[in-house]
K.L.:
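Shown below is the structure under consideration.
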Amino acid sequence: MQVARVVGTVVATQKNAKLEGTKLLLVQPLDPAGAPVGVTVIAIDSVDAGVGDRVLLVQDGKAAIVALGKGVAAVDAAVVGVVDAVEIEE
């Protein structure tokens, strides 16, 4: 699981039947300081996040499928939480 920021949405007029009714988000993983790291990822939204939100992202297929809650579906990444605050203790 990692922290990411929602940077956009993805519209797919045709998709797998198990994904019908789901919202797709474009998310940018972040480092602990909040700086972008790596490439953006398309993820299924399971928590009604929006553009600009800081979120929790899972990129493990099994965890993403469980978050979707629709049985077995072709999902690699899912947004599973909206982050209110991050505190780093040193």
Side-chain angles (χ1 to χ4, degrees):
M1 189 175 325
Q2 66 187 119
V3 176
R5 182 160 318 275
V6 179
V7 296
T9 59
V10 176
V11 177
T13 56
Q14 293 185 17
K15 52 189 167 185
N16 183 290
K18 295 237 181 196
L19 300 179
E20 286 183 20
T22 60
K23 184 167 69 169
L24 301 174
L25 298 174
L26 190 61
V27 297
Q28 172 65 60
L30 304 173
D31 70 11
V37 60
V39 298
T40 56
V41 176
I42 296 174
I44 296 291
D45 180 23
S46 69
V47 295
D48 200 25
V51 174
D53 285 345
R54 202 167 25 168
V55 296
L56 293 176
L57 173 69
V58 293
Q59 289 187 276
D60 171 57
K62 185 161 175 83
I65 290 168
V66 170
L68 182 59
K70 292 191 175 189
V72 178
V75 178
D76 290 331
V79 171
V80 296
V82 176
V83 175
D84 294 320
V86 174
E87 294 181 24
I88 300 173
E89 295 185 26
E90 295 187 31

K.L.:
Has the side chain of D31 got a donor or acceptor atom that lies under 3.5 Å from a matching backbone atom of A33?
P.N.:
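Answer holds: yes.
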K.L.:
Please evaluate residues D76 and Q59 with respect to the criterion side-chain contact (heavy atoms from CB on, under 4.5 Å), reporting the C-alpha separation (whole Å), side-chain torsions for both, the decisive distance (0.1 Å), and the verdict.
P.N.:
CA-CA 6 Å; D76 290 331; Q59 289 187 276; over 6 Å; no
K.L.:
With a 3.5 Å distance limit and no angle check, can you tell me whether Q28 reaches the backbone of V37 through a side-chain donor-acceptor pair?
P.N.:
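Confirmed, Q28 side chain pairs with V37 backbone.
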K.L.:
Looking at V39 and P29, what are the two nearest heavy atoms and their distance?
P.N.:
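Scanning both residues, the minimum pair turns out to be O-CD, 3.2 Å.
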K.L.:
Below 4.5 Å, heavy atoms only, C-beta onward: do V79 and V27 meet side chain to side chain?
P.N.:
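Yes. Closest side-chain heavy atoms under 4.5 Å.
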K.L.:
Measure the spacing between CG of L24 and CG of L19 and express it to the nearest 0.5 Å.
P.N.:
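One gets 7.0 Å once the value is rounded to the nearest 0.5 Å.
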K.L.:
Within a strict 4.5 Å, meaning less than it, do heavy atoms of the L25 and I42 side chains meet?
P.N.:
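SC-SC contact between L25 and I42 ruled out.
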K.L.:
I'd like to know if the side chain of T22 and the backbone of I44 have a donor-acceptor N/O pair within less than 3.5 Å.
P.N.:
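Flag not set: sc T22 to bb I44 has no pair under 3.5 Å.
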K.L.:
What verdict does the side-chain contact (heavy atoms from CB on, under 4.5 Å) test give for V7 and T40, after you've listed the backbone C-alpha separation in whole Å, the side-chain angles of each residue and the deciding distance to 0.1 Å?
P.N.:
CA-CA 8 Å; V7 296; T40 56; 4.3 Å; yes
K.L.:
Any side-chain heavy atom of V82 sitting closer than 4.5 Å to one from R54?
P.N.:
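No; the side chains remain at least 4.5 Å from each other.
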K.L.:
Where do M1 and V80 come nearest, in terms of heavy atoms and distance?
P.N.:
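Between these two residues, the closest heavy atoms are SD-CG2, 4.5 Å.
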K.L.:
Does any N or O in the side chain of K23 come within less than 3.5 Å of the main-chain N or O of V10, such that one atom is a donor and the other an acceptor?
P.N.:
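Not at all, since once roles are kept as given, no pair shorter than 3.5 Å links the two residues.
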K.L.:
Determine the sole option in D53, L56, L30 for which the side-chain contact (heavy atoms from CB on, under 4.5 Å) test with V83 is passed.
P.N.:
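Among D53, L56, L30, the one meeting side-chain contact (heavy atoms from CB on, under 4.5 Å) with V83 is L56.
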